[in-house]
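Below you'll find the structure, written out as structure tokens, and then a few comments.
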Amino acid sequence: MRSTGFRHAVAALGICSLSLALTSCGSDDDTSADGRTRITVNCRPPQSAKVDRKFFDEDIAAFEEQNPDVDVVAHDAFPCQDPKTFDAKLAGGQMEDVFYTYFTDVGHVVDTGQAADITSYVKELKSYETIQEQLRDIYTVDGKIYGIPRTGYSMGLIYNKKLFRKAGLDPDKPPTTWAEVRAAAKRISALGNGTVGYADYSAQNQGGWHFTAELYSQGGDVVGADGRKATVDTPEGRAVLRNLHDMRWTDDSMGSKQLLVINDVQQMMGSGRLGMYLAAPDNIPILVKEKGGDFKDLALAPMPGGKGTLVGGDGYMFNKKDTPAQIRAGLKWLDHMFLTPGKGFLGDYARAKASDAPVGLPEPRLFTGAADATDQQAKKANANVPVENYRSFLDGNQTLRMKIEPPHAQQIYSVLDGVVSAVLTKKDADIDQLLEDASGKIDGILARG
């Protein structure tokens, strides 16, 4: 599943689609009429996202001023990569010269032969060595580099400090184990008046996504290291489902309404009726700006369990048709837009603060060393959210194993959705049988490649 596409959590309307001419996306023509090197790029915020679009266009204009030999043509996209059209565009060779991808897309894009090998060019990317190695490695396949990471996120536990206080819990000591989550959820739900202690997704593939995150937190995995066999029918998988079953049916701390999706849960948290749920940091501004929440009441803790957390993110890859000049121009553009600490579309915190965008959320750090220090210093200087509410998340993540989503994630999540929904809607659900059946279905997905 996905974190929000833009920093300010604004939805976009896409216009670069299959119905447009091939030249509207990637193109064999690498020069503009005035002789400049021309690159098409995507993930431009739409007109409805006025602030983000303004920033994005300002940054492209500044880049072109500094690099007068490059012409950047940006395309809107909703979302930045639409699963409904992505594969068709990829197969048809219609991708932009520099195109947006999720971490989970990399292997598939490389397998289709549509990505340029940029290994010999990355030395020209000033920021490359400052990016976290585990993120760089996501875009490295068989020793060759095919893309550059732009952002990352990891899952944690969002909780309501106000409800913690009402339930007699210490809001500065969030749960660190699933047993503690269960105990806290039971006390919060006992407040009554429709208050729910813990909520989870169980529909539209989101239940499978969260099952995966919870399995990682227990030290388990969805697919074996060789990528060929499911590993959900395990003690760790049973522990995830048993915990959900017991909170739902024994403790009655998850409420009676199930088959929830992200919007349902965000509404509950924003209205002050929910104690805890799993999410990435970018949920917090949505809870405040769209769902009625208050920054001071919303805190973030690391994933319970202490063994691992699901991470995701995005970056850009290069069209196989790109010329060397286009690859070099694209790398310069990425450096300017996203990869200069404290500057650019995602890093100009002073500009974001002046526009009342949230600054100080605990997104996973993209950089290391001096670059990270520069970025964090700029963020801290412009923070306009209660950063102390996220301290335990930042500290706790230092010891967690960071794991990306499994291969064929959406197909697998669809299978696991049925498992989670069964446990949350049927008191007598047979956990062992559910996991055995799911394992067989996932094996079939993996076998089909």
Side-chain angles (χ1 to χ4, degrees), residues 155-204 206-207 210-211 213-214 217 239-281 283-305 386 388-390 392-393 420-429 431:
M155 300 288 284
L157 183 75
I158 290 183
Y159 66 99
N160 186 314
K161 296 181 73 173
K162 189 174 183 180
L163 287 181
F164 265 57
R165 292 189 189 94
K166 284 186 176 181
L169 300 164
D170 187 341
D172 297 322
K173 293 182 179 179
T176 60
T177 67
W178 283 106
E180 291 177 356
V181 169
R182 181 180 175 187
K186 191 172 181 179
R187 292 180 64 169
I188 292 168
S189 63
L191 294 172
N193 298 318
T195 303
V196 174
Y198 179 81
D200 216 339
Y201 313 150
S202 52
Q204 298 181 12
Q206 295 173 21
H210 270 205
F211 174 91
E214 291 161 14
S217 79
V240 170
L241 296 181
R242 176 53 59 188
N243 187 62
L244 289 173
H245 178 277
D246 290 349
M247 283 198 289
R248 168 70 176 95
W249 299 106
T250 303
D251 302 342
D252 192 25
S253 62
M254 296 184 68
S256 59
K257 183 181 178 181
Q258 296 301 322
L259 302 181
L260 304 174
V261 294
I262 187 169
N263 185 61
D264 301 318
V265 176
Q266 288 175 338
Q267 293 281 10
M268 294 164 64
M269 180 62 81
S271 67
R273 295 183 293 111
L274 175 63
M276 299 170 285
Y277 78 105
L278 298 182
N283 271 230
I284 294 174
I286 297 174
L287 295 173
V288 174
K289 294 184 177 295
E290 299 179 23
K291 310 301 181 183
D294 191 317
F295 277 117
K296 74 177 188 304
D297 294 330
L298 298 167
L300 187 66
M303 182 69 77
E388 65 277 5
N389 283 5
Y390 323 127
S392 67
F393 175 79
V420 177
S421 63
V423 167
L424 293 178
T425 59
K426 300 176 183 178
K427 188 173 183 178
D428 61 350
I431 290 175

remark   = Scanning both residues in full, the closest heavy-atom pair of L163 with R273 reads CD1-C, 4.2 Å
Close side-chain approach of V423 to R248, heavy-atom, < 4.5 Å = no
key: Closest approach of R182 to T250 (non-hydrogen atoms, all atoms of both residues)   = NH2-CG2, 3.8 Å
request  = State whether the number of non-hydrogen atoms from other residues, nucleotides or ligands found under 6.0 Å of K186 atom NZ is greater than 12.
outcome  = no
task = Taking all heavy atoms of L278 and all of H210, pick out the closest pair and write down the distance.
result = O-CE1, 3.1 Å
note = Interatomic distance, CG@L169 vs NZ@K161, rounded to 0.5 Å, equals 13.0 Å
task = Kindly determine whether S271 and Q267 satisfy side-chain hydrogen bond (donor to acceptor under 3.5 Å, both in side chains), including the steps that lead there.
result = CA-CA 6 Å; S271 67; Q267 293 281 10; over 6 Å; no
request  = Starting at CE of M276, measure out to CD1 of I188 and round the result to the nearest 0.5 Å.
outcome  = 4.5 Å
message = Here's a test for you: under side chain to side chain contact (heavy atoms under 4.5 Å, CB included), which of D297, D294, L298 qualifies with V288?
response = L298
query = Any idea which heavy atoms bring G168 and R187 closest together, and the distance?
reply = O-NH2, 3.3 Å
query = Side chains of S189 and D251: does their closest heavy-atom pair fall under 4.5 Å?
reply = no
note = Separation between CG (L259) and OG1 (T425), nearest 0.5 Å, reads 6.0 Å
task = Could you check if a side-chain atom of P281 sits within less than 4.5 angstrom of a side-chain atom of Y390, using non-hydrogen atoms only?
result = no
query = Is it true that atom NZ of K291 has more than 12 heavy atoms of other residues, nucleotides or ligands lying nearer than 6.0 Å?
reply = yes
Under 3.5 Å: donor-acceptor pair, side chain of E180, backbone of T176 = yes
Point-to-point distance, once rounded to the nearest 0.5 Å, from CG of D252 to CG of D246 = 12.5 Å
inquiry  = How close do I262 and Y201 get, counting heavy atoms only, and between which atoms?
reply    = CG1-OH, 3.2 Å
inquiry  = Working to the nearest 0.5 angstrom, can you tell me the gap between L274 CG and D264 CG?
reply    = 11.5 Å
ask   = For S202, which of L424, V261, L244 qualifies under side chain to side chain contact (heavy atoms under 4.5 Å, CB included)?
value = L424
Distance in Å, E214 CD paired with N243 CG, rounded so as to fall on 0.5 Å steps = 8.0 Å
ask   = Got a donor-acceptor contact below 3.5 angstrom from the D170 side chain to the D172 backbone?
value = yes
query = Has the side chain of N160 got a donor or acceptor atom that lies under 3.5 Å from a matching backbone atom of G272?
reply = no
task = For the pair S253 (side chain) and M247 (backbone), establish whether a donor and an acceptor sit closer than 3.5 Å, ignoring hydrogens and angles.
result = yes
ask   = Can you say whether the rings of Y198 and W178 are parallel (under 30°), tilted (30 to 60°) or perpendicular (over 60°)?
value = perpendicular
note = On a heavy-atom basis, the closest approach of Y277 and Q266 is OH-CG, 3.7 Å
key: Test log, rule side chain to side chain contact (heavy atoms under 4.5 Å, CB included), inputs M268 and L260   = CA-CA 11 Å; M268 294 164 64; L260 304 174; 4.2 Å; yes
